[in-house]
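In what follows, a structure is listed as structure tokens, so that the remarks can point back to it.
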Number of protein chains: 2
Amino acid sequence: MKTDCEHCPLRQIGLFEEMTKDEVHYMSRFKTGEFVAQPGTEILAEGASSSQLYTALDGMGLRYKTLEDGSRQVVGFVLPGDFIGLQSGVMGEMRHSVEATTRMTMCVFNRSELWELFKNQPRRAFDLTHVAATEEFLLGEMLAAVGQMDGLAKIAWVLNRFFTRLTALGLNENDQVPLPYRQQDVADAMGLSLVHTNKTLAKLRAKGVVTWSDDTLTVHRPDELAQLGFSTGVKPAQRPLI
Amino acid sequence: MKTDCEHCPLRQIGLFEEMTKDEVHYMSRFKTGEFVAQPGTEILAEGASSSQLYTALDGMGLRYKTLEDGSRQVVGFVLPGDFIGLQSGVMGEMRHSVEATTRMTMCVFNRSELWELFKNQPRRAFDLTHVAATEEFLLGEMLAAVGQMDGLAKIAWVLNRFFTRLTALGLNENDQVPLPYRQQDVADAMGLSLVHTNKTLAKLRAKGVVTWSDDTLTVHRPDELAQLGFSTGVKPAQRPLI
DNA sequence: CCTCGCTATGTCGTAGTTTAATGCAGAGAA
DNA sequence: TTCTCTGCATTAAACTACGACATAGCGAGG
């Protein structure tokens, strides 16, 4: 688990290259150098224009939008290493809310430092746009899944994405990854009802593909899971030349 | 209609501040300084890493992803002033394809100029990230619509978005805006079948809210349209304090 | 103990898909 | 001109995946 700000991605891209660790931590608001959010806490609200940005060091959360009719669309999952509040740093206002689903420790820094980065370290600023582009990429993939797949494929797809990302983060132990979400969260992410999500999960369980309980996802057949939640990004079929 | 590169948004944000118009246009590949795409042409393919970026000056198109099973998810509509290929400029590879649905004229420039921008004009580079953030915002809104709304709301939402954006571009004449897309495009954007999209459009027509024919959308009751495609971005209801 | 939040499962109605058939305008050929 | 072909809009009928509702179980916390 990454609990040291040494691993903070903003440090990796050089925002803090010339700073000591004490300077890195945003000290004025929270007594510890790190901001700790408790489960169920709203870290940033849609429409808020926070003067702080965060990077998740440990723990997980989710990004969501709320619609006029009260329904909720989960637009992403926050894993260790992810940015929080980049939109508010760039656009001045968050376009979605962020909530912690576990205890989260975050590295906090001022929005003004982002502008310093652009002024003083163009290479790092350029790198930073990769982060924004990656976020957009994940959103596009999710849109394709929500728009085109049926229930079983949606659930398999999102579980497979969790499994893949968490494995890449080194959080995979014997095909088990932490998954501290409720079925309602997955349902709101994939545009399904809670009941249907539950039944689809039961189907996957019956097939022996995955089990998910106690905030832990166990993938018994990774290849079958990937097969069910078939991927996007395929070149369109060639149009017949005649 | 914007047909002059003076209006190119990249010029507006200063990429070409010190350049003459002739320099602005990318001359080596196309005889005219502007790249012209014919209807139905694929401008950039998913997975491609083009060395050129474009901004749409005139005409419209759409962004889409293709899934393994052959289905298509439209992830956005390209209107005059939009960027094309920003992702390939930043990440090196396009995450979706772009196709022209009308004759499109575009301003072409080299990817390397993007890096020059970051090196020499940090303020402009910072502005540029607004563009990326805006694209992400639109994607998030669309995800919420596709994931949470029912058929009627989806169609009303996307028509209302067209109407709003095109009005902002000054393309609204007597509540009529150009809409050079097929019903299939709208269906693929909102995750509905062509048939159901058609029926829903018929419903809106019967209600006297909109008519859409000959690539022209006429909105008879803008407020009712906005009402039907209710918006996102609402603050979540306060949790009861008790 | 009871309540609350979450998971689990069955029944039923409907919104949406699939398939198919019709119409209609534009383009190309004779 | 007239015929045909092609792409798109339209409408109907049959089928189904999914949502709504109801109900039960289970563990945590007051």
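Proteins get letters first, then strands, A, B, ... in listed order; numbering begins at 1 in each. Please read these numbers as outputs of a predicted model, since none were measured by experiment.
Atom C1' of nucleotide C:dT7 and atom CD of A:Q184 are separated by 12 Å, given to the nearest angstrom. Nucleotide C:dG16 holds its C1' atom 17 Å from the CD atom of B:Q148, rounded to whole Å. Straight-line distance from the CG atom of B:L194 to the P atom of C:dA21: 17 Å, rounded to whole Å. Atom C1' of nucleotide C:dT7 and atom CG of A:N198 are separated by 6 Å, given to the nearest angstrom. Note: CG (A:L204) to P (C:dA8) measures 12 Å, nearest angstrom. The OH-C1' distance, from B:Y181 to D:dA9, rounds to 19 Å in whole Å. Between B:K154 atom NZ and C:dT17 atom C1' the separation is 12 Å, expressed in whole Å.
B:L201 comes within 4.0 angstrom of no nucleic acid atom, judged by non-hydrogen atoms across all strands.
Listed candidates were C:dG16, C:dA8, D:dT11. Nearest to the side chain of B:H196 is C:dG16. Here the nucleotide nearest the side chain of A:V195, chosen from C:dT7, C:dT19, D:dA20, is D:dA20. When distances run from any side-chain atom of A:K199 to the nucleotides D:dA9, C:dT7, C:dG10, the shortest one goes to C:dG10. In the set D:dA9, D:dC18, C:dA8, D:dA9 carries the atom at the smallest distance from any side-chain atom of B:R182.
B:Y54 and B:F35 have tilted rings, their planes meeting at an angle from 30° to 60° on a 0 to 90° scale.
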